[in-house]
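Not measured: the values here are computed from a predicted model. Reminder, nothing fancy here: chain letters follow the sequence lines and each chain counts from 1.
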Amino acid sequence: MPVKGLPPLEGAEKEVVMRFAPNPNGPPTLGSARGIIINSEYVKMYGGRLILRFDDTDPVNKRPMLEAYDWYQEDCRWLDAVPDAVVIASDRLPMYYKIAEELIRMGAAYVCRCDQATFKRYKDASLACPHRDRDPEESLDLWDGMKAGNLRPGDAVLRIKTDITHKDPALRDWAAFRIVTTDHPRIGDRYRVWPLLDFESGIEDHLLGITHIIRGKDLMDSERRQLYLYRHLGWEYPSVVHWGRIKIHQFGSFSTSALKEAIEAGEYRGWDDPRLPTVKALRRRGILADALRKFMIDLGVSETDISISMDTIYAENRKLVDPQARRRFFVKDPVPLEIEGEVPPVVQVPFHPTVDMGCRLIPAGNTVLVSGDDLAEMGVGNRLRLKDLCNLEILALDPARARARALGTDPAEAKNMKLPIIQWCPRDGVPVEVMRPDGVDRGVGEVGIREDEGRTDQFERYGFVRIDSVDDEVVAYFAHR
RNA sequence: GCUCCGGUAGUGUAGUCCGGCCAAUCAUUCCGGCCUUUCGAGCCGAAGACCCGGGUUCAAAUCCCGGCCGGAGCACCA
């Protein structure tokens with residue numbers, strides 16, 4: 001048991017089997033990552049098993065995306081949470097049917113033909129609807145009718161008997177199956193009766209031998225509803241931990257379906273657009289899985305609704321990435337600076353200030369590029385140092401032809417004079433485009449950046465970026481400062 | 001309307017079950033200083049919280065009651 005980390009799980013001595021059960025209607029987000037990480041962390045802690053289960057039983061409102069099944073597995077792998085088994089609910093309808101029929105026969109479930117509004121009236125009044133006491137045989141016939149196509153969507157549902165007078169209206173005779181004629185992306189139109197979450201998930205948790213469930217407290221009623229199911233079937237309910245809703249300052253609230261629309265409308269470049277809180281996007285930006293794991297474990301499993309800041313994730317990531325990130329010069333919005341006097345034609349610069357990672361050579365000479373932003377801070381007569389190159393005095397600042405005079409190369413002099421130090425770039429550097437959560441920066445970088453495809457570098461005085469591609473132009477994804 | 005949960009510094013979090021060791025932990029953030037050829041890292045220091053009101057008790061962040069605030073469920077969504 002780690003000294004720091006998650007609180008112990010109740011009753012974990014015997015066995016721990018946990019599941020992460022997403023609906024694959026989009027890619028994993030930061031919220032999914034929490035579920036994946038916490039479940040896998042507990043499983044690791046107790047030497048248990050982790051099951052990835054796709055609760056994909058709504059082809060209409062939360063229609064699954066075929067690609068998303070793979071995305072979840074990919075992101076689980078990346079997060080070091082490889083599941084021991086993968087289960088897909090839409091493969092297992094016959095099993096659910098069998099149990100449903102058993103429940104009907106024992107009088108624990110019935111086919112209800114009320115329309116939604118009518119049933120709600122009965123339910124709100126704590127009254128049984130006329131169908132509740134129908135003979136099991138009659139329910140069975142209707143159930144067959146639902147499956148065979150004699151009944152249309154909305155004509156009938158299968159309800160689990162609970163306590164119609166329960167003081168919490170949310171628990172009264174909930175629906176377990178309904179008719180859906182929309183095809184399912186994975187298995188087409190083979191079935192026209194689909195289970196609802198409380199049934200599917202409750203049944204699966206038992207069949208899979210789940211011992212511990214972690215889920216959002218919005219699903220608290222699920223447990224109370226499923227308890228009736230378990231009682232009917234004589235099963236023992238797993239132990240449950242709830243956590244509150246999680247919001248992210250920088251992203252506000254988002255829903256998978258809203259994001260999907262925005263992407264289709266072209267507002268984002270895709271599911272890994274750096275503006276999005278998806279796992280794919282964070283990975284592309286160079287956020288490490290370990291940073292996410294550490295962050296999520298630190299959040300714990302409190303029942304309070306929380307609002308987190310990306311800054312904390314960034315801080316975690318920076319600690320991991322800083323010691324291994326090559327330093328590179330990148331100049332945003334570059335302008336040429338002509339230097340009079342002696343300037344080294346090339347300089348050798350270490351990749352890292354404190355870690356020995358070797359050096360790179362950067363060609364220099366009498367014209368270099370500096371950032372327009374930096375120059376805007378300067379005045380004629382000001383002195384500054386080009387990092388690792390030379391000291392300068394500004395002679396002219398016309399945007400088109402900024403000029404300066406070289407004052408030697410000694411860093412000690414710059415230090416004594418407390419000169420500002422800025423990064424620079426050779427005139428024939430490589431064009432770089434930085435995709436940021438808040439827009440796109442364009443500029444030029446030292447040519448060596450082309451060797452860093454897939455790595456996370458630190459652009460000095462700019463921030464950490466992941467080098468995403470290196471064609472004629474380098475595309476980098478911004479992680480954080 | 002009915003039902004259920006929660007409320008510790010700006011943001012998270014420990015402590016709450018089993019009152020005292022809590023003049024409340026850690027991280028992040030912010031502010032100051034040091035260091036550094038990066039506005040990064042590192043080091044040092046500082047600031048900052050128990051929702052409110054009653055009650056029980058020698059003693060309450062911790063137990064009880066009431067209120068306030070926030071979230072959730074009452075779907076043929078997950």
Side-chain angles (χ1 to χ4, degrees), chain A residues 4 7 21-25 54-58 60-64 89 112 114-116 119-120 123-124 126 153-159 166-172 174-180 193-198 200-201 215-225 242 244-247 249 256-257 294-295 297-300 302-316 318-319 321-323 325 327-329 349-350 352-355 374 385-391 409-415 419-423 458-464 480-481:
Chain A
K4 282 231 163 203
N23 178 333
N25 63 337
F54 292 105
D55 287 349
D56 59 343
T57 54
D58 185 351
V60 181
N61 303 299
K62 299 219 165 155
R63 191 172 174 80
C112 170
C114 297
D115 61 53
Q116 265 185 87
F119 185 81
K120 182 172 166 53
K123 183 194 65 186
D124 287 347
S126 292
D155 284 350
V157 297
L158 184 76
R159 292 192 182 282
H166 196 285
K167 65 173 180 169
D168 185 346
L171 308 192
R172 299 172 192 156
W174 47 274
F177 286 83
R178 84 300 206 189
I179 300 168
V180 178
V193 174
W194 284 86
L196 278 320
L197 178 73
D198 284 321
E200 178 269 325
S201 139
R215 63 174 154 219
K217 65 175 180 180
D218 51 319
L219 260 29
M220 266 179 170
D221 288 340
S222 267
E223 176 177 354
R224 300 190 183 104
R225 279 193 279 253
H242 294 108
R245 294 305 254 184
I246 178 167
K247 285 197 168 42
H249 292 328
T256 305
S257 38
K294 173 118 184 356
F295 174 78
I297 290 166
D298 194 51
L299 278 193
S302 127
E303 230 164 273
T304 318
D305 295 327
I306 57 174
S307 181
I308 59 168
S309 168
M310 288 302 293
D311 289 345
T312 314
I313 294 177
Y314 295 157
E316 220 56 75
R318 195 179 292 119
K319 282 181 206 162
V321 126
D322 183 82
R327 269 50 181 176
R328 292 292 193 181
F329 284 163
V349 184
H352 197 281
T354 54
V355 180
D374 286 329
R385 175 171 176 80
L386 298 179
K387 186 167 187 275
D388 301 305
L389 183 61
C390 66
N391 306 326
T409 61
D410 187 1
E413 278 177 28
K415 192 176 171 182
L419 300 187
I421 298 168
I422 66 170
Q423 81 283 20
Q458 187 205 50
F459 286 174
E460 293 201 34
R461 295 207 318 138
Y462 180 83
F464 293 89
H480 46 72
R481 294 207 67 108

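Projected onto RNA chain B by closest heavy-atom contact, Glu200(A) and Leu299(A) fall at different nucleotides, the more 5' of which corresponds to Leu299(A).
Residue Leu171(A) is out of contact with every strand shown, counting any heavy-atom pair closer than 4.0 Å. Counting any heavy atom pair closer than 4.0 Å across all strands shown, Asn61(A) reaches sugar-phosphate atoms only and no base atom. Within 4.0 Å (heavy atoms only), Thr354(A) reaches no atom of the nucleic acid at all. Within 4.0 Å of Cys114(A), counting heavy atoms only, lies at least one base atom of the nucleic acid. Using a 4.0 Å heavy-atom cutoff across all strands shown, Phe329(A) reaches no nucleic acid atom at all. Using a 4.0 Å heavy-atom criterion, one finds that Ala414(A) contacts no nucleic acid atom at all. Nucleic acid contact for Asp115(A): base, since at least one base atom lies under 4.0 Å from a heavy atom of the residue. Residue contacts for Leu197(A): at a heavy-atom cut-off of 4.0 Å it reaches a base atom on one of the strands shown. Across all strands, Gly300(A) comes closer than 4.0 Å to no nucleic acid atom at all (heavy-atom distances). Within the nucleic acid shown, Asp58(A) comes within 4.0 Å of sugar-phosphate atoms alone, with no base atom in reach, counting heavy atoms only. Gln423(A) comes within contact range of no nucleotide atom at all, as no heavy-atom separation falls under 4.0 Å. Residue contacts for Asp374(A): at a heavy-atom cut-off of 4.0 Å it reaches a base atom on one of the strands shown. As judged by a 4.0 angstrom heavy-atom cut-off over every strand, Arg328(A) is placed among residues making no nucleic acid contact.
The distance from the CD1 atom of Ile421(A) to the CG atom of Asp388(A) is 9.0 Å, given to the nearest 0.5 Å.
For Lys415(A) and U36(B), the shortest distance from a side-chain N or O to OP1 or OP2 is below 4.0 Å. Regarding contacts with the backbone of G71(B), every side-chain N or O of Lys247(A) stays at 4.0 angstrom or more from both OP1 and OP2. Applying the 4.0 Å criterion to OP1 and OP2 of A27(B), one finds that Lys294(A) has every side-chain N and O outside that range. Side-chain N/O atoms of Arg318(A) include one lying less than 4.0 angstrom from OP1 or OP2 on A41(B). Distances shown here put a side-chain N or O of Gln116(A) below 4.0 Å from the OP1 or OP2 atom of C76(B). An OP1 or OP2 oxygen of C77(B) is reached within less than 4.0 angstrom by a side-chain nitrogen or oxygen of Arg178(A). For the pair Ser309(A) and G12(B), the criterion of a side-chain N or O lying under 4.0 Å from OP1 or OP2 is not met. Between Ser302(A) and U13(B) there is a side-chain N or O to OP1 or OP2 distance below 4.0 Å. Distances shorter than 4.0 Å separate none of the side-chain N or O atoms of Lys167(A) from OP1 or OP2 on C2(B). Under 4.0 angstrom from either OP1 or OP2 of C76(B) there lies at least one side-chain N or O belonging to Arg159(A).
A 3.5 Å limit on both hydrogen-bonding distances identifies C69(B) as the Watson-Crick or G-U partner of G6(B). The nucleotide G42(B) finds its pairing partner in C34(B), both defining distances of the Watson-Crick or G-U wobble pair being shorter than 3.5 Å. For C74(B), the paired nucleotide is G1(B), the pair qualifying as Watson-Crick or G-U wobble because both relevant distances are below 3.5 Å.
Remark: Arg63(A) does not engage Asp58(A) in a salt bridge, criterion side-chain N to carboxylate O under 4.0 Å. With respect to the salt-bridge test (charged N to carboxylate O, under 4.0 angstrom), the residues Glu460(A) and Arg328(A) do not qualify.
Of the possible polar contacts, one joining the Arg327(A) side chain to the Ala325(A) backbone as a donor-acceptor pair under 3.5 Å is found. In this structure, His242(A) contributes its side chain and Ser302(A) its backbone to no donor-acceptor pair below 3.5 Å.
With sequence neighbours left out, Trp174(A) forms a ring pair (Phe, Tyr, Trp, His ring centres under 6.0 Å) with no residue at all.
To the nearest angstrom, C1' of G12(B) lies 14 Å from CE of Met310(A).
Looking at Asn25(A) and Thr256(A), their side chains never bring a donor and an acceptor atom within 3.5 Å of each other.
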